Number of protein chains: 2
Amino acid sequence: MNMKEFSARTALSAHTLRYYEKIGLLNHIHRSSNGHRFFTEKDLEWVTFILRLKQTGMPLESILAYAKLRALGKSTNQERQTLLEQHRAKLKSRIESEIQHLAALDEKIEYYILHKTS
Amino acid sequence: MNMKEFSARTALSAHTLRYYEKIGLLNHIHRSSNGHRFFTEKDLEWVTFILRLKQTGMPLESILAYAKLRALGKSTNQERQTLLEQHRAKLKSRIESEIQHLAALDEKIEYYILHKTS
DNA sequence: TCTTGACCTAGAGTAAGCTCTAACTTGTAA
DNA sequence: TTACAAGTTAGAGCTTACTCTAGGTCAAGA
């Protein structure tokens with residue numbers, strides 16, 4: 001698919017996608033004869049995964065570390081698994097602390113409700 | 001308490017605390033005769049609350065909006081309650097999507113485990 | 001032919017949130 | 001009385017992650 005479609009399907013701007021390629025997050029993107037990028041379903045899967053990591057608070061630099069291992073092929077599987085497991089642990093503890101923040105927020109809201117002067 | 005102790009108890013650097021004061025997040029911080037700030041337990045509570053909002057993804061600008069209402073006193077209670085309720089809703093949906101990301105991550109990790117060559 | 005739209009590159013600019021620097025004062029301990 | 005630690009200000013600089021600009025190519029339709 002072309003840039004326009006890929007941009008629409010990932011909800012990332014063309015600028016951002018080019019930027020991701022520049023910093024090494026996207027590798028081996030095909031080009032058509034006129035030099036325009038064309039993206040595959042595999043690229044879409046990969047970007048979807050990147051966005052998942054991003055949305056769970058992983059900085060681009062860490063995602064890049066994973067991407068570099070991925071580019072090296074199967075031999076880095078163990079290492080990648082470890083990275084994901086570490087991220088999983090972080091995410092899990094963050095969810096737990098967010099649940100606590102939610103409870104604290106509820107308490108605060110409850111306080112506002114109880115102290116209404118009206 | 002002095003800057004050093006407050007900094008330790010909030011886990012924020014003196015630089016950051018002065019910055020928070022500068023942008024209006026911290027108001028009416030007392031000064032001792034030599035011009036040094038001294039913080040109260042109330043200040044600590046407020047910063048703790050700020051950090052809670054921050055850790056759940058609220059940008060400083062929104063926290064600032066809340067802080068400004070707070071500075072106006074009781075008459076803004078309703079408005080503040082609404083802000084907190086909106087944040088609560090956002091936080092809740094973010095927790096839910098993070099739980100989904102966690103499940104997707106588990107799947108990916110499972111894939112690495114199943115495809116081990118060793 | 002001419003315009004429109006999609007794309008390209010290199011590199012500059014932006015926003016948020018700090019983080020640091022320079023130059024200075026003040027209080028305490030040796 | 002001198003050194004050290006802790007504080008102050010204004011303002012510059014940094015990092016992350018984009019976002020935009022300038023100046024260009026190329027293919028298709030009116």
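We name chains A, B, ... by the order of the sequence lines, and we start the count at 1 in each one. Fair warning: this is a prediction, and the values are worked out from it, not measured in the lab.
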Can you name the atoms? Protein N/O to nucleotides 14-18 of chain D N/O, anything below 3.5 Å, with the distance.
| residue | atom | partner | partner atom | Å |
| --- | --- | --- | --- | --- |
| D:dA17 | OP1 | A:L60 | N | 3.2 |
| D:dA17 | OP2 | A:L60 | N | 3.3 |
| D:dC18 | OP2 | A:Y20 | OH | 2.5 |

Checklist line | Option passing side chain to side chain donor-acceptor pair (under 3.5 Å) with A:N77 (candidates A:E79, A:K74, A:R80) | finding: A:R80

Note to self: What verdict does the side-chain contact (heavy atoms from CB on, under 4.5 Å) test give for A:T10 and A:T48, after you've listed the backbone C-alpha separation in whole Å, the side-chain angles of each residue and the deciding distance to 0.1 Å?
What the structure shows: CA-CA 7 Å; A:T10 57; A:T48 304; 5.8 Å; no

Notebook entry, point to check: Hey, what do you get for CG (B:L44) to CZ (B:F49), rounding to the nearest 0.5 Å?
Noted result: 14.0 Å

Identify each donor-acceptor pair in which a side-chain atom of residues 19-30 of chain B lies under 3.5 Å from a protein atom, sequence neighbours left out, and give them as a table.
| residue | atom | partner | partner atom | Å |
| --- | --- | --- | --- | --- |
| B:E21 | OE1 | B:R37 | NE | 2.5 |
| B:E21 | OE1 | B:R37 | NH2 | 3.1 |
| B:N27 | ND2 | B:G24 | O | 3.4 |

Note to self: Does either side chain, that of B:E85 or that of B:Q81, offer a donor lying less than 3.5 Å from an acceptor on the other one?
What the structure shows: yes

Checklist line | Positional range of nucleotides in DNA chain C within the contact set of chain A, heavy-atom, under 4.0 Å | finding: C:dA6 to C:dG11

Checklist line | Set of salt bridge (Lys or Arg N to Asp or Glu O under 4.0 Å) partners for B:R88, sequence neighbours left out | finding: A:D106

Checklist line | Distance-minimising heavy-atom pair for B:S7 and B:L12 | finding: OG-O, 2.7 Å

Note to self: I need the A:R70 CZ to A:L72 CG distance, nearest 0.5 Å.
What the structure shows: 11.5 Å

Check: Of all residues at least two apart in sequence or in a different chain, which pass the salt bridge (Lys or Arg N to Asp or Glu O under 4.0 Å) check with B:E41?
Finding: B:R9

Item checked: Nucleic acid contacts - residues 21-37 of chain B versus DNA chain C, non-hydrogen atoms under 4.0 Å -> B:N34

Margin query: Need to verify one output field. Residue with the more 5' nearest nucleotide on DNA chain D, B:K4 or B:H15?
Written below: B:K4

Next item on the list: Would you indicate whether the side-chain heavy atoms of A:R94 and B:E98 approach each other to under 4.5 Å?
Entry: yes

Notebook entry, point to check: D:dT19 P sits how many Å from A:R18 CZ, rounded?
Noted result: 13 Å

